[in-house]
A.B. asks: 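Starting off with a structure, shown below.
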Amino acid sequence: QVQLVESGGGLVQAGGSLRLSCAASVRTIRNNVMGWFRQAPGKEREIVELISWGGGTTYYADFAKGRFTISRDNAKNMVYLQMNSLKPEDTAVYYCVAKVTWSPSPAADYWGQGTQVTVSS
């Protein structure tokens with residue numbers, strides 16, 4: 001069964017932190033690239049970060065560098081996004097995704113339902 005379930009979103013003040021979690025089914029996470037996308041109202045979907053199956057390769061969008069960190073625990077079938085120094089422009093729905101092949105494009109093979117992150121000024 002393909003399954004990705006996000007949690008950890010919410011309302012936070014600018015400068016604060018949130019940690020998003022994604023619980024994945026074995027079929028969804030095994031051997032796949034995992035990542036986080038986001039989409040704000042009226043804006044296009046964009047990649048936040050990607051991480052390879054072994055965790056040795058990552059991709060960070062420019063806006064995420066130095067502030068966000070992706071990680072994965074394959075033994076627990078979990079993917080995480082630690083977000084620090086949040087800004088109001090980070091407000092968006094964040095999606096956990098799985099990709100069969102490595103590609104820094106905002107397309108994915110599997111999607112979670114999304115979790116809302118709202119950053120107040």
Side-chain angles (χ1 to χ4, degrees):
Q1 181 180 0
V2 174
Q3 188 174 27
L4 294 167
V5 180
E6 304 96 334
S7 61
L11 174 64
V12 64
Q13 288 189 333
S17 298
L18 281 175
R19 187 193 194 206
L20 304 184
S21 298
C22 174
S25 63
V26 173
R27 175 182 174 181
T28 309
I29 195 171
R30 187 168 181 82
N31 294 325
N32 283 339
V33 176
M34 300 301 295
W36 292 91
F37 291 0
R38 73 182 187 182
Q39 187 163 22
K43 296 187 177 180
E44 293 187 353
R45 183 172 61 208
E46 57 185 352
I47 298 174
V48 180
E49 297 186 355
L50 301 175
I51 186 167
S52 61
W53 162 247
T57 303
T58 54
Y59 171 88
Y60 291 74
D62 286 343
F63 64 79
K65 291 178 181 178
R67 299 191 300 130
F68 296 0
T69 303
I70 191 171
S71 60
R72 64 191 293 168
D73 185 335
N74 292 334
K76 296 181 179 180
N77 299 325
M78 295 293 296
V79 183
Y80 306 98
L81 182 67
Q82 177 66 44
M83 303 188 294
N84 300 325
S85 302
L86 283 161
K87 304 174 182 180
E89 51 263 43
D90 293 319
T91 295
V93 177
Y94 285 71
Y95 297 91
C96 179
V97 302
K99 297 162 73 77
V100 174
T101 57
W102 181 269
S103 172
S105 68
D109 297 285
Y110 308 109
W111 293 81
Q113 83 286 354
T115 186
Q116 177 70 44
V117 171
T118 302
V119 184
S120 63
S121 57

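Quick note: numbers below take in every heavy atom, side chains included, and nothing from hydrogens, waters or symmetry partners. Quick caveat: nothing in here was measured; it's all calculated off a predicted structure.
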A.B. asks: Kindly say whether Trp53 contributes a backbone atom to a donor-acceptor pair with the side chain of Asn31 at under 3.5 angstrom?
C.D. replies: no
A.B. asks: Rounded at 0.5 Å granularity, tell me how far OG in Ser105 sits from CG in Leu50.
C.D. replies: 8.5 Å
A.B. asks: Below 4.0 angstrom, N of the basic side chain to O of the carboxylate: do Asp62 and Lys65 qualify?
C.D. replies: yes
A.B. asks: Counting distance only, does the side-chain N/O of Arg72 pair as donor-acceptor with the main-chain N or O of Ile29 below 3.5 Å?
C.D. replies: yes
A.B. asks: I'd like to know if the side chain of Thr28 and the backbone of Gln3 have a donor-acceptor N/O pair within less than 3.5 Å.
C.D. replies: yes
A.B. asks: Counting only N and O atoms by type, is there a donor-acceptor contact under 3.5 Å from the side chain of Glu6 to the main-chain atoms of Gln113?
C.D. replies: yes
A.B. asks: Where the side chain of Asn32 meets the backbone of Met34, is there a donor-acceptor pair that is under 3.5 Å apart?
C.D. replies: no
A.B. asks: For Gln13, is the CD atom crowded, meaning more than 12 foreign heavy atoms sit under 6.0 Å from it?
C.D. replies: no
A.B. asks: Given ring-ring contact (aromatic ring centres under 6.0 Å, His included), test Trp111 with Phe37 step by step and report yes or no.
C.D. replies: CA-CA 9 Å; Trp111 293 81; Phe37 291 0; 5.2 Å; yes
A.B. asks: Side chains of Asp90 and Met83, heavy atoms from C-beta outward: is any pair under 4.5 Å?
C.D. replies: no
A.B. asks: For the side chain of Thr118 and the backbone of Thr91, is there at least one donor-acceptor N/O pair under 3.5 Å apart?
C.D. replies: no
A.B. asks: Determine whether Leu20 and Ile51 fall in the same hydrophobic cluster, where Ile, Leu, Val, Met, Phe, Trp and Tyr are linked whenever their side-chain heavy atoms lie under 4.5 Å apart.
C.D. replies: yes
A.B. asks: Hey, are the side chains of Gln82 and Ser71 touching, using non-hydrogen atoms and a 4.5 Å cut-off?
C.D. replies: no
A.B. asks: Under 3.5 Å, is there a donor-acceptor pair between the Ser103 and Thr101 side chains?
C.D. replies: no
A.B. asks: Return yes if some donor-acceptor pair links the side-chain N/O of Lys43 with the main-chain N/O of Arg38 below 3.5 Å, else return no.
C.D. replies: no
A.B. asks: Could you check if a side-chain atom of Cys22 sits within less than 4.5 angstrom of a side-chain atom of Tyr80, using non-hydrogen atoms only?
C.D. replies: no
A.B. asks: Would Arg45 and Tyr95 count as a cation-pi pair here, with the cationic atom under 6.0 angstrom from the ring centre and within 45° of the axis?
C.D. replies: no
